[in-house]
Each structure stands twice: as structure tokens, then as C-alpha cells.
Amino acid sequence: MTNKHRQIFLHWATLRIQRGFERQKKLRASASNVIIQRDESPMETEIGGLRQSRSQCLQQGDFELSDVFYFSKKGFEAIVEDEVTQRFSSEELISWNLLTRTNYNFQYVSWRVTLIWVLGVFIRYCILLPLRVTLATIGISWLVIGATLVGQLPNSSAKRWLSELVHLVCCRICARALSSAIQYHNKENRPKKGGICVANHTSPIDIIILANDGCYAMVGQIHGGLMGVIQRAMVRACPHVWFERSEMRDRHLVTKRLTEHVSDKTKLPILIFPEGTCINNTSVMMFKKGSFEIGGTIYPVAIKYDPQFGDAFWNSSKHSMVSYLLRMMTSWALKCNVWYLPPVTREEGEDAVHFANRVKSAIAKQGGLVELDWDGGLKRDRVKESFKEEQQKNYSKIIVGEHNSFQKTTN
């Protein structure tokens, strides 16, 4: 093959690769869970459109039967495509990744693909799983033994350095146990001591993903069993913030403990997931305002997993922790991107709710996630009465407003 033919071949191959990338982007854009096209117009606009053809002899401001169509339409939309509950199920894939748990939409496969799947089962369960369990055991043992030994030392800079080293080594071993391929962006914005790191929440593994690149102070409830042993060992070496079950309900006590931690610039940054529950990594739901009332500098972090090699989402209402970890250790790999966003502080006159929404919008935009105003607590709880009352107030304002404007025009 001459140099000319070789150049022509390389040019042709490059074009084929570029077209493949463009085709893949189009497929991903069209593979969303959207079933219906929603009209995001406000209530006043939609009801006004329904009333345009009404009889002029009707009194302005009265209830009209045509208004029912607006609420019926919204109800049908919620039934056909509920944008809340679908965030608590696994993300749909464009193509099958040879995992049994993701073949719901890819049930009709050829015998060749079946043979490849059988080979994949052997590799994942007979080769990868034992190696990963061994690595995870080594990492957890290192954390318990290392943190316990470091905890015996007097408080000093050497103890803090050794504590951070133990935590980093443990998290990096555990990340290898999941065959993690993590890419960190904008490392100059990594959280600093005395700050608060907030991130979107997909899985308990989020902690390992972030702690693989830096140390954090954890916040949570004290547990028993193996988790309790790990927590007690960790708190000896590093000032984590653990609460008893009864203390978690005392909002003022929690805020006080966190404020005291943040005020000490020698302590590690606190890691908090303001959503309060795991979302399937397609969206970001409402951030609880408590994390933004503490004060100090907020370091937003966006985490985005690639579900093609393994679904990192933990549906806690469907799978136990042991079952979930088994699923993760029998997946192909854990691939994700982490973006460190510039630190932000609360502006003058800005309340905690608006501050939380501002941070949430930045995380959603950077991670390519859908921003939702719904509370993640709807995963287990019913819709609050305040949401219903808000819609009722908005509708009553439309009727009262039109009635007042009609009276002014007639007078």
C-alpha cells in the first residue's frame, strides 16, 4: 500500500469514526424517557386559552366548566408520565450492556449474543467478583485497623496527616474493588477545610467516588454492626459528625454541631447530599435548605455516572445494601465524571431556599441533569397538603382577579 492509499484510508476511517460519534449523540438525545410533550405555560395562560371561546354574556370571574379540562389534562399527564416517580427507577439504556438486570427492553437476542452473555456471566461472577470482594475486604480492614491505631496518637498535624492518608488509601482500594474509572474536572475548585461540599446523590458509592480524590468529614446517624465498628474507628482518627437516632430529629442541635465544625478551619470539609435520597442520575431534585443555613463557603460538586457499564443508582425501597453491593461488584465497571464547581457563598439578603436553588441549578447545568422542584421525600411520602393548597390559591386568584377587573370595567 502506497503512502497515498494509506492517507486516503486514514481519512476515510476518521470520517467513519466522526459519523459514529454524531449518530451516537443523536441516539442518546432521542432515548429520553419523555412520552408526551408537556405545555409548561402557567395556569393563567392555559385557562385563559380555554375561556377564549366562551359566551360574552357569562359573568366574568365565575367558575366555568371548561376550567375542568385544564386540571384533567394535568392529571392525565401525571398518570401517563410522572416526572417524579420515574426518577426512582433505573435509567434506560440505548443498547444492552449484557447485564440481566438491564435487558427489559432487549429481550429478543440472537444465540450469538446469548453465548457472549454466558461468557460475560462467567467473567463477572467467577473472576471479577472474588477479586473485588478481596479488595473491598482489604480496604475496609485497612480503614478499621489504621484509623484505630492513628486514633491513639495525640492531636497534632502528624495525626491529621496520617488520618487523611488512611482514609485516602482505603477509599482508593474500595474504588478499585468496583473497577472505577473516574475523571475529575476543575481540580482547582476542590473543597477546602472549613467548607461544605454539596453534591447530587445517586448512590452510597458517591462517598467513595469523592473521597477517592480528597478527604471529607462525614455526617450521618450512628449505626450498629459492622457499620458501627467502622464509624467508631473513623471518629477516633478524624472529627466526623455522627448523631444518635434521637438527635437527628433535633434540627437546632444538628445545625449547632455542623456550625461548630465549619467554624474550625483546620477540620476537613463536610460532605452533604442535600437531596436526602438517591436519584437515578438523570435529574436533580429539591435541595433541603438546612445545609445552606449553616453559613460558610459552599463547594458544589456534580457527579454523572455512565450507565452503559453498570447502573450506580440504589433503589433503597427495592434492594437492600448487600444486594446492591453485589449488583455493583458483578457489573462491568463504574465509570463516572466529577466536576468541581467554583465555591459560592450566600449573597446579602438571599434566604437559604434561594441559595439552595442557585447551587442546585449550577450542579444540574454542569452535570447535564434535569432540574426538578419536587422533594425527593416523595419517594416514600405522600404529596404535602401545602402543594395542593398552592394550586387552589392560584386558581382562586384567577377567578377573583377576573371578577375585580370586570367590576372596574362595568363601573
Side-chain angles (χ1 to χ4, degrees), residues 40-44 74 78 82-85 87-88 189 191 194-202 206 219-220 241 243 247-263 269-303 339-397:
E40 301 297 340
S41 303
M43 182 188 296
E44 295 85 349
K74 292 298 181 182
D82 184 0
E83 63 180 5
V84 177
T85 56
R87 309 300 173 181
F88 305 127
N189 296 326
I196 303 174
C197 175
V198 297
N200 56 301
H201 198 23
T202 304
D206 295 340
V219 179
V241 185
F243 295 94
E247 294 177 335
M248 290 294 293
R249 300 176 182 177
D250 191 342
R251 182 177 174 183
H252 297 288
L253 176 62
V254 173
T255 303
K256 179 182 177 182
R257 292 272 302 277
L258 295 179
T259 303
E260 292 175 352
H261 184 101
V262 172
S263 60
I270 297 176
L271 177 58
I272 298 178
F273 301 102
E275 289 170 298
T277 188
C278 295
I279 314 298
N280 68 354
N281 208 226
T282 61
S283 61
V284 181
M285 303 192 78
M286 185 183 76
F287 278 10
K288 303 292 193 301
K289 66 177 183 178
S291 308
F292 302 88
E293 293 176 332
I294 302 172
T297 304
I298 299 292
Y299 294 87
V301 177
I303 306 174
W339 290 273
Y340 297 111
L341 280 65
V344 293
T345 55
R346 191 168 168 179
E347 297 177 352
E348 186 177 354
E350 185 180 32
D351 59 15
V353 175
H354 287 85
F355 185 28
N357 290 334
R358 180 159 61 91
V359 175
K360 183 187 72 170
S361 299
I363 291 176
K365 182 179 179 181
Q366 179 63 73
L369 305 170
V370 179
E371 184 182 356
L372 297 176
D373 295 328
W374 293 99
D375 185 358
L378 294 173
K379 184 177 184 179
R380 297 180 180 86
D381 301 330
R382 293 185 177 182
V383 179
K384 296 180 180 179
E385 292 296 329
S386 58
F387 288 111
K388 301 178 184 178
E389 293 174 357
E390 183 179 357
Q391 296 298 321
Q392 294 171 354
K393 290 179 181 179
N394 291 336
Y395 180 63
S396 63
K397 288 179 182 178

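- Contact annotation: the side chain of Asn281 approaches that of Asn200 to within less than 4.5 Å [non-hydrogen atoms, C-beta and beyond].
- Between Pro343 and Thr297, the shortest heavy-atom distance links the atoms CB-CG2, 3.6 Å.
- A distance of 4.5 Å separates CG in Leu258 from CD1 in Ile270, rounded to the nearest 0.5 Å.
- Side chains of Asn357 and His354: a donor-acceptor N/O pair is absent below 3.5 angstrom, by distance only.
- For Phe273, the ring-ring contact (aromatic ring centres under 6.0 Å, His included) test picks out His201, with sequence neighbours left out.
- Between Gln366 and Leu341, the shortest heavy-atom distance links the atoms CG-CD1, 3.8 Å.
- Heavy atoms only, all atoms of each residue included: Arg358 and Arg346 are closest at NH2-CA, 4.3 Å.
- Taking 4.5 Å as the limit, some side-chain heavy atom of Val359 sits within range of a side-chain heavy atom of Val344.
- Remark: Glu275 CD to Lys288 NZ distance equals 8.5 Å, nearest 0.5 Å.
- The nearest pair of heavy atoms linking His261 to Val241 is ND1-CG2, 3.8 Å.
- Of all non-hydrogen atoms in Phe287 and Pro274, the two that sit nearest each other are CG-CB, 3.6 Å.
- Residues Leu369 and Lys360 fail the side-chain proximity criterion, which asks for heavy atoms closer than 4.5 Å.
- Residues Tyr340 and Asn189 share a closest heavy-atom pair of O-ND2, 3.2 Å.
- Considering only heavy atoms from C-beta on, Trp339 stays 4.5 Å or farther from Pro300 through its side chain.
- Ile196 is listed as a side-chain neighbour of Ile294, based on a closest heavy-atom distance under 4.5 Å.
- In this structure, Met286 CE and Asp373 CG are separated by 9.0 Å, a value rounded to the nearest 0.5 Å.
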